[in-house]
Novice: 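The structure that follows is given in the form of structure tokens.
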Amino acid sequence: MESDTKYKRLKDLSREEFILPGTTVCGGCGGLEALRLFHKVLGKNVVFVNAAGCFTLLALFPYSPFRGSWLYTNMASAPAGAQGVRDALDILIASGRLKPEDDMKVVVLAGDGSTYDMALSSTSGAIFRDLDFYYFCYDNEAYGNTGMQMSSASPYGSMTTTSKPAHLSTAGTRSHKKDIFEIWRAHKPPYIATISPRHPVDLSEKVSRSMQYKGPKLFIAFSPCPTGWMYDPSLTVKIARLAVDTGIWALKEAINGEVKHTYIPSKFKPVEEYLMTQGRFNHLFYPVRQDKILEDIREDINSYWEQYKK
Amino acid sequence: MMIRIRFHGRGGHGIKTASRIAGTAASMEGFNVQDFPLYGAERRGAPLTAYTRISDGTIFERGIISSPDIVIIADDSLIEDPMADPLNGADTNTIIIINTNRPHDISEGLAARGRVFLIDATEISMSVIGKGSAISAAMGAAACRVTGLINKATVEKAVVKELTSIGISSEEIIRKNVEVAGTCFDSLPSFEIITRAETSQLLTKTIVLPYEAPAISTPNVIASGNIIERKTGKWRTFRPVINYDKCNHCWICFVWCPDGVISLDDKEFPHIDYDHCKGCLICYEECPIKAITVERESSSNEQ
Ligand SMILES: Cc1ncc(C[n+]2csc(CCOP(=O)(O)OP(=O)(O)O)c2C)c(N)n1
Ligand code: SF4
Ligand code: SF4
Ligand code: SF4
């Protein structure tokens, strides 16, 4: 895609930090890596409305890592909280108590348990009301904060603490990841994108491009999680890259409903290369190789990309 | 007879599993046991505690162990960490086992505290397994040994059982962990532990909290970025070190450090803030020309 933003290479990223270090999230957290890059584009004037999850540990009383503001909500209602904050800012501006140039961007910050499951109803409501906000979902594919229970974002074939592989269910997670992108798209918001911390220029371009639209702007960030996915924290970036290169994580955006892939690998790598990096897929290879399940996973990837081949 | 063991580690050390290994091994030997972890609101790298009680009778005691017979410290940086406070409640009868590679710095100050033993479980794990971060087998075996109640063969069985139950399926990795457990077991003496009286934790008075206005009673931080006061640098077992003769200031480590602890100077050279670097080693893994090397944390590289 032709770049309509200032982001063309790594050195176009901002050197300023908006999330200061000292937070209690795990070393090597892919979600934090994505959020840090996302925040660099949005700049300082941000209010996070944070659904309960790992990232509520970012602000740990009496400390905050943010240079902007932060508000905690329960898992189901961050988008409703965002509506309240947006309304309050609008009223302050309209009554002259806040200068328009001091306005803040309202950002929902939520995990996949919140995004795909519990907050779906309040998100649907917020998009329907055309709330002017950003939604940042760090998708670590399970309920991380409470110990990696299965969510509807957990991929088929992965082990979570509530979908362990057993004799009758060798796949671990038997259900397939919910297509939240399409659920959001059916609501017709102006902007939706998937992003990955391994592709910072693509990520920055998308955030930057989305800023010109008023209304709901939604981001799903691929968020490798060393603790829950069971891999060495140093491999976060490698795993994020493999997810894109094997076709498991499609980088795309939908502007006013029109879907466009922003990066398509010229040749897809075998999906095993991705799966074998993580303990949560161990049971697909040891003690016996689960060929049928691996075939299902390949089939899912192929049929996804098939629909976009012209 | 009751033995109370308290384990201190950081998320990722496998301290919860260590407490389970001790509990399972003692159970296999016919004792009644309890084991449980205590997490704060923190994650991998942050201090956490786990507990094991072993008794030949029914265990009525509940809750955390405040007067331990045995304290296992999986990382020497925890000794001075006020959040962990691993020596709290330990007296001169308490057996204290510390995983460390700097024996001189440690034993001087601690000699008076109790019966202190130092082992370098990280080194043992690195030489056998090739990795030194998860040391559950080593710490569990050390605890079992000093109780004087548990056989080496039983500890090895417990290691296999517990590692299998957390999803480790590689036979080779399990075998190597058994080897590490055996080495740690053999490197420590065994003791006869004198049981302490049960500690009563009953409160006799109800604490009444007066009403406060929400501005006071709700957590409200009016500060920007003050988390920088918290130093997460102690989380590291290994530290990344930049070789400035090689570095070609490509920005890669700066871009991918999740915690944003690498900054660039005027000449675009990266600098690591060691007070906060958590030691995830993404920068080391990603540097395209290997201008970053890894060193084990020790007193000599502390500034
Ligand atoms: C309504 C509600 N149910 C349960 C919880 C307990 N809880 C807190 S965090 C969390 C997990 C959230 O998972 P996810 O949204 O995927 O975010 P992650 O923890 O992975 O960052 C749960 C279940 C809650 N806070 N609110
Ligand atoms: S559990 Fe995973 S998502 Fe949560 S803080 Fe740790 S690495 Fe990040
Ligand atoms: S090890 Fe490297 S990437 Fe990880 S926190 Fe430290 S400086 Fe950042
Ligand atoms: S990644 Fe390596 S070469 Fe690039 S700036 Fe960092 S240390 Fe230097």
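Just so it is clear: chains get the letters A, B, ... in the order the sequence lines come, proteins before strands, and each one is counted from 1. The structure displayed is predicted, hence computed values, not measured ones.
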Novice: Looking only at heavy atoms, what is the nearest atom pair of Ile227(B) and Pro21(A), with distance?
Specialist: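 Distance-wise, the nearest heavy atoms are CG2-O, 3.3 Å.
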Novice: Tell me whether Arg230(B) forms a cation-pi arrangement with Phe61(A), defined as NZ or CZ under 6.0 Å from the six-membered ring centre and within 45 degrees of its axis.
Specialist: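 Output no; distance or angle outside limits.
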Novice: Considering only heavy atoms and a distance below 4.5 Å, find which of Pro233(A), Gly27(A), Ser64(A) pairs most often with chain B.
Specialist: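 So the answer, after comparing Pro233(A), Gly27(A), Ser64(A), is Ser64(A).
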Novice: Between Pro287(A), Ala59(A), Pro226(A), Gly279(A), which has the largest tally of heavy atom pairs under 4.5 Å with chain B?
Specialist: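 So the answer, after comparing Pro287(A), Ala59(A), Pro226(A), Gly279(A), is Pro226(A).
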Novice: Just so I know, are the side chains of Leu37(A) and Val255(B) near enough to count as touching, which here means a heavy-atom distance under 4.5 Å?
Specialist: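 Yes - at least one pair of side-chain heavy atoms lies under 4.5 Å apart.
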Novice: Can you confirm whether more than 12 heavy atoms, excluding those of Arg174(A), are under 6.0 Å from its CZ atom?
Specialist: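 Counting neighbours around CZ of Arg174(A), 12 or fewer heavy atoms of other residues, nucleotides or ligands fall under 6.0 Å, so no.
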Novice: Should we count CD of Glu80(B) as having more than 12 external heavy atoms under 6.0 Å?
Specialist: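 Result for CD/Glu80(B): open.
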Novice: When rounded to the nearest 0.5 angstrom, what is the spacing between OG in Ser170(B) and CZ in Phe285(A)?
Specialist: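 Answer for the OG-CZ pair, Ser170(B) versus Phe285(A), is 14.0 Å.
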Novice: By a 4.5 Å heavy-atom criterion (distance strictly below it), what part of Cys283(B) contacts chain A: side chain, backbone, both, or neither?
Specialist: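 Contact with chain A involves no heavy atom of Cys283(B) at all.
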Novice: When rounded to the nearest 0.5 angstrom, what distance separates SG in Cys257(B) from CZ in Arg36(A)?
Specialist: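 Reported value, rounded in 0.5 Å steps: 6.0 Å.
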Novice: Would you check if Val237(A) and Glu285(B) make a side-chain contact, meaning some heavy-atom pair closer than 4.5 Å?
Specialist: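 When only atoms from C-beta onward are counted, Glu285(B) and Val237(A) do not touch, as no gap falls below 4.5 Å.
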Novice: Quick one: do Cys280(B) and Thr236(A) satisfy side-chain contact (heavy atoms from CB on, under 4.5 Å)? Show the steps, please.
Specialist: CA-CA 9 Å; Cys280(B) 69; Thr236(A) 290; over 6 Å; no
Novice: Got Pro200(A) and Trp256(B) here, is their nearest side-chain heavy-atom distance under 4.5 Å?
Specialist: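 Heavy-atom side-chain distance check passes, below 4.5 Å.
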Novice: Count the heavy atoms belonging to other residues, nucleotides or ligands that lie under 6.0 Å from CZ of Arg241(A), then report whether that count exceeds 12.
Specialist: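 Counting neighbours around CZ of Arg241(A), 12 or fewer heavy atoms of other residues, nucleotides or ligands fall under 6.0 Å, so no.
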Novice: Is there a side-chain contact between Met230(A) and Ile168(B), using heavy atoms and a 4.5 Å cut-off?
Specialist: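 A side-chain contact is absent here, since even the closest heavy-atom pair is not under 4.5 Å.
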Novice: For Gly28(A) and Pro258(B), which heavy atoms make the closest approach, and how far apart are they?
Specialist: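 Looking at all heavy atoms of both residues, the closest pair is CA-CG, 4.0 Å.
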Novice: Kindly compute the distance separating CD (Glu16(A)) from OG (Ser263(B)), expressed to the nearest 0.5 Å.
Specialist: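 If we round to the nearest 0.5 Å, Glu16(A):CD and Ser263(B):OG are 13.0 Å apart.
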Novice: Let me confirm one number: the CG-NZ distance from Asp232(A) to Lys131(B), rounded to the nearest 0.5 Å.
Specialist: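 That separation rounds to 5.0 Å.
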Novice: Which value, rounded to the nearest 0.5 Å, describes the distance between Asp259(B) atom CG and Ile19(A) atom CD1?
Specialist: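 Going from the CG atom of Asp259(B) to the CD1 atom of Ile19(A) covers 9.5 Å.
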Novice: Identify the heavy atoms of Ser169(B) and Tyr286(A) that sit nearest to each other, and give their distance.
Specialist: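 Shortest heavy-atom separation between Ser169(B) and Tyr286(A) comes out as OG-CB, 3.7 Å.
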Novice: If you count heavy-atom pairs under 4.5 Å between each of Lys11(A), Arg67(A), Glu17(A) and chain B, which one has the most?
Specialist: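 Ranked by contacts with chain B, first place is Lys11(A).
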Novice: Counting neighbours of CZ on Phe18(A) that are heavy atoms of other residues, nucleotides or ligands and sit closer than 6.0 Å, is the number greater than 12?
Specialist: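 Yes - once you tally the heavy atoms of other residues, nucleotides and ligands closer than 6.0 Å, there are more than 12.
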Novice: What residue in Gly144(A), Gly30(A), Pro62(A) has the most heavy-atom pairs under 4.5 Å with chain B?
Specialist: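 Looking at each of Gly144(A), Gly30(A), Pro62(A) in turn, Pro62(A) comes out on top.
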Novice: Judged by modelled atom types alone, do Thr23(A) and Lys278(B) share a side-chain donor-acceptor pair under 3.5 Å?
Specialist: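 Yes.
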Novice: Taking atom CD of Glu171(B) as the centre, report whether more than 12 heavy atoms of other residues, nucleotides or ligands fall under 6.0 Å from it.
Specialist: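 Count not over threshold, so no.
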Novice: Answer yes or no: is there a side-chain heavy-atom contact under 4.5 Å between Arg15(A) and Phe254(B)?
Specialist: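 Counting from C-beta outward, Arg15(A) and Phe254(B) do come under 4.5 Å.
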Novice: Can you tell me which portion of Arg198(A) sits under 4.5 Å from chain B's heavy atoms? Options are side chain, backbone, both or neither.
Specialist: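 Both backbone and side chain.
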Novice: For Lys44(A), is the NZ atom crowded, meaning more than 12 foreign heavy atoms sit under 6.0 Å from it?
Specialist: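 At most 12 heavy atoms, drawn from other residues, nucleotides or ligands, come within 6.0 Å of this atom.
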Novice: Output the distance between atom CH2 (Trp235(B)) and atom SG (Cys26(A)), rounded to the nearest 0.5 Å.
Specialist: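 Atom-to-atom, Trp235(B):CH2 and Cys26(A):SG are 7.0 Å apart.
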Novice: Mind checking whether Lys238(A) and Ile282(B) have side chains closer than 4.5 Å, heavy atoms only?
Specialist: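 No; the side chains remain at least 4.5 Å from each other.
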